[in-house]
Amino acid sequence: MLARDFLRTHFAELPHLLRNRTYDVASLARWGELDAERRRVVTAVEAMKAERNTLSAEVGRKKRAKEDAAAEMERAKTLGVEVAALEKRVEEIEGEFFAIEQALPNIPDESVPDGADETGNVVLKSWGEPGTFDFAPKPHWELGVELGILDFERAAKVTGARFTVLSGEASLLSRALIAFMLDLHTRENGYREVLPPFIVNAASLFGTGQLPKFEADLFRLKDTDWYLAPTAEVPVTNLHRDEVLKDEQLPISYCAYTPCFRAEAGSAGKDTRGLIRQHQFDKVELVKFTRAEESEAAHEKLTRDAEKVLERLGLPYRRVVLCRGDMGFSSAKTYDLEVWLPGQNAYREISSCSNFGAFQARRAAIRVKRTGADGKGRNEYVHTLNGSGLAVGRTLVAILENYQGADGSVAIPKALQPYCGGLSEIRRPAC
RNA sequence: GGAGGAGUGGCCGAGUGGUUUAAGGCGGCGGUCUUGAAAACCGUUGAGCUGCAAGGCUCCGGGGGUUCGAAUCCCUCCUCCUCCGCCA
């Protein structure tokens with residue numbers, strides 16, 4: 001959510017500040033009307049409450065003095081009825097008011113490029129050379145099936161489309177990647193590992209911005225307000241929901257491995273082959289809580305931490321800054337990391353690293369107690385950030401496609417071999 | 001799943017209808033003392049909304065109710081704790 005006083009003081013500029021973003025333009029004008037009416041009615045009802053409180057105190061005084069208070073009680077009762085009527089109106093206004101506020105997307109950082117869709121994104125850097133092959137590199141869905149380590153058909157039988165069974169070396173590689181990534185982030189990059197619940201409640205999903213707008217993308221557990229977590233961002237960011245943190249606790253850096261579950265309504269027909277777009281996938285997530293003035297630098301650091309994983313694995317990638325129109329609802333600035341996939345002759349997203357500013361912190365009430373220049377304590381909203389470090393399934397895909405040989409074998413990156421019991425390559429089964 | 005108990009400010013904790021504008025403690029901040037620190041002592045310190053301001057309103061797990069007046073009484077939901085049952 002955006003700050004209410006910011007909306008007021010920048011009201012005229014809001015259409016410009018929110019250009020290329022998706023929201024109900026008419027709701028802005030309505031917000032202005034409701035803001036004025038709300039303040040008018042609230043002022044009136046509070047004056048009446050103040051009078052009633054004074055009367056009640058007088059009743060108390062008279063009763064203790066054994067005097068008659070019937071007149072005050074009568075007047076207070078009448079006031080109470082009027083207060084109740086006005087309060088009902090305040091509730092109506094606030095309901096509509098809040099509905100508008102919580103549906104407004106975050107305002108992009110000034111450094112974010114203009115643009116309506118992914119064609120407006122800007123490549124900032126590239127790392128590594130896409131390998132040259134003296135044979136036609138295969139996509140992972142062919143390689144993996146031929147190696148007998150990816151099984152799409154049985155997954156469809158067991159569950160349905162967009163699920164995959166990893167077996168043998170693929171399963172080992174997946175487990176190795178999770179351990180490798182967590183070790184890198186905890187030992188070298190300064191993150192604390194957490195293993196959160198994989199099921200989250202509606203309040204947590206509101207806090208990070210998935211609800212109420214994007215319920216269709218989630219799996220909900222029948223007859224509950226519990227959902228399968230679409231990303232560890234949700235449980236980990238919400239660890240500190242409704243908390244006032246101590247200044248010296250910041251910055252906080254967490255990393256977490258979790259499976260992620262996405263219903264992905266509306267993605268039918270996209271990436272239907274292979275394990276690029278699945279209903280269930282594994283991810284190691286990086287989450288940071290910082291003071292407001294530190295979040296920009298923290299965003300660069302977090303993105304570098306994710307890039308290091310790709311560099312250690314020798315996977316060519318590029319960093320892209322998303323334009324205004326392609327960013328997520330809650331984000332102020334997003335870098336995507338795209339890994340090179342020779343089997344598809346394309347760069348594909350493998351990590352998304354975002355700075356949310358105070359947008360999530362306002363929704364989730366995550367604050368920090370700070371001491372001002374005047375020596376007085378005040379609560380400020382923290383800034384929240386997160387990024388994939390990395391998506392495990394897509395990293396597995398990248399290894400299979402980048403490290404394939406002409407004979408259909410796949411080499412294991414050096415950095416990963418200790419996590420695979422020394423295994424150096426995957427070969428086709430003899431039979 | 002069954003029975004009982006409990007949710008109060010950053011934390012602990014008192015408070016069972018009207019000076020609660022929430023006692024007291026811890027922690028934080030400022031000061032006295034000190035070469036410096038610690039200790040001790042003194043002062044100060046919740047959040048949100050509204051108002052130009054003075055001020056006002058709301059908040060004691062969430063929601064609803066009774067009352068002139070609710071942290072306190074009633075209903076309901078949630079969470080935690082203890083014991084029992086079950087279970088990886």
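Residue numbers begin at 1 in each chain, while the letters A, B, ... track the order of the sequences.
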Legend entry - Output field: ring centroids A:H185/A:Y254 closer than 6.0 Å: no
Legend entry - Interatomic distance, A:E72 CD vs B:C68 C1' [rounded to whole Å]: 10 Å
Inset, instruction - Determine the interatomic distance between P on B:G63 and the same-named atom on B:U72; round to the nearest Å. - result: 13 Å
Inset, instruction - Quote, to the nearest angstrom, the C1' distance that separates B:U8 from B:G61. - result: 10 Å
Legend entry - Heavy atoms from other residues, nucleotides or ligands near CD of A:E153 exceed 12 (cutoff 6.0 Å): no
Legend entry - Results of ring-ring contact (aromatic ring centres under 6.0 Å, His included) for A:F97 - residues two or more places apart only: A:W31
Legend entry - Nucleotide pairing, RNA chain B (Watson-Crick or G-U, distances under 3.5 Å), in dot-bracket with [ ] and |: ((((((((.[[[..)..(.....]]]((((((.......))))))(((((....))))).[[[[[..)....]]]]])))))))....
Legend entry - Whole angstrom value for the distance that separates P of B:G27 from CZ of A:R370: 23 Å
Inset, instruction - Under the salt bridge (charged side-chain N to carboxylate O under 4.0 Å, His left out) rule, collect the residues that match up with A:R175, sequence neighbours excluded. - result: none
Inset, instruction - Grab the CG-C1' distance between A:D68 and B:C68 for me, whole Å please. - result: 13 Å
Inset, instruction - Could you check whether the rings of A:F198 and A:Y257 sit parallel, tilted or perpendicular, using 30° and 60° as the cut-offs? - result: perpendicular
Inset, instruction - Return the value, rounded to whole Å, for the distance between atom CE of A:M73 and atom P of B:U67. - result: 11 Å
Legend entry - A:K288 to A:Y191 six-membered ring, cation-pi geometry met (6.0 Å, 45°): yes
Inset, instruction - Between B:A37 and B:C33, how far apart are the P atoms? Round to whole Å, please. - result: 12 Å
Legend entry - side-chain N/O A:N53 vs B:C57 OP1/OP2, d < 4.0 Å: yes
Inset, instruction - Let me know the distance between CG of A:L55 and C1' of B:C68, rounded to the nearest Å. - result: 8 Å
Inset, instruction - Would you please confirm or rule out a distance under 4.0 Å between OP1 or OP2 of B:G48 and any side-chain N or O of A:R367? - result: no
Legend entry - Distance between P atoms of B:A14 and B:U50 (Å, rounded): 36 Å
Legend entry - With A:D109 via salt bridge (charged side-chain N to carboxylate O under 4.0 Å, His left out) - residues at least two apart: none
Inset, instruction - Would you mind classifying the nucleic acid contact of A:R40 as base, sugar-phosphate or nothing, using non-hydrogen atoms under 4.0 angstrom? - result: nothing
Inset, instruction - Write down the distance between CG (A:L34) and P (B:U50), rounded to a whole number of angstrom. - result: 14 Å
Legend entry - Interatomic distance where CE belongs to A:M48 and P belongs to B:U58 [whole Å]: 13 Å
Legend entry - C1' atoms of B:A40 and B:U34, separation to the nearest Å: 12 Å
Inset, instruction - Select from A:R61 and A:E248 the residue whose nearest nucleotide in RNA chain B is closer to the 5' end of that strand. - result: A:R61
Inset, instruction - Among B:G56, B:U50, B:G69, find the nucleotide with the atom closest to the side chain of A:R39. - result: B:U50
Legend entry - Spacing between A:R241 atom CZ and B:U79 atom P, to the nearest angstrom: 13 Å
Legend entry - With sequence neighbours excluded, residues passing salt bridge (charged side-chain N to carboxylate O under 4.0 Å, His left out) with A:K283: A:E285
Legend entry - Residues forming a side-chain contact (heavy atoms from CB on, under 4.5 Å) with A:P113, sequence neighbours excluded: A:V122, A:V321, A:C323
Legend entry - Out of B:C68, B:U58, B:U50, whichever nucleotide has its closest atom nearest the side chain of A:T43: B:U50
Legend entry - All pairs passing side chain to side chain donor-acceptor pair (under 3.5 Å) where residues 206-217 of chain A contributes a residue, at least two apart: A:T208-A:Q210, A:E215-A:R220, A:E215-A:Y227
Inset, instruction - Using a heavy-atom cut-off of under 4.0 Å over every strand shown, decide if A:R362 touches base, sugar-phosphate, or nothing. - result: nothing
Legend entry - Residue A:A50, side-chain atoms from C-beta onward, closest of B:G56, B:U50, B:C68: B:G56
Legend entry - With sequence neighbours excluded, residues passing side-chain contact (heavy atoms from CB on, under 4.5 Å) with A:T159: A:F163
Inset, instruction - Give a yes/no answer on whether the side chain of A:R52 brings an N or O atom under 4.0 Å of OP1 or OP2 in B:C68. - result: no
Legend entry - Any donor-acceptor N or O pair under 3.5 Å, side chains A:K308, A:N189: yes
Legend entry - salt bridge (charged side-chain N to carboxylate O under 4.0 Å, His left out) partners for A:E58, two or more places apart: A:R61
Inset, instruction - Identify, residue by residue, the members of residues 85-97 of chain A with a heavy atom below 4.0 Å from RNA chain B, and return them in order of residue number, or none. - result: none
Inset, instruction - Report the residues that fulfil side-chain contact (heavy atoms from CB on, under 4.5 Å) with A:S167, sequence neighbours left out, ordered by chain and then residue number. - result: none
Legend entry - Integer angstrom distance from the P of B:A71 to that of B:U21: 9 Å
Legend entry - Contact under 4.0 Å: A:R8 side-chain N or O vs B:U50 OP1/OP2: yes
Legend entry - Interatomic distance at P, B:G13 relative to B:G7, whole Å: 9 Å
Inset, instruction - Using the P atom on both, measure B:C11 against B:G5 and round to a whole Å. - result: 26 Å
What does the list of N/O pairs under 3.5 Å between the protein and nucleotides 6-12 of chain B look like, with a distance for each?
none

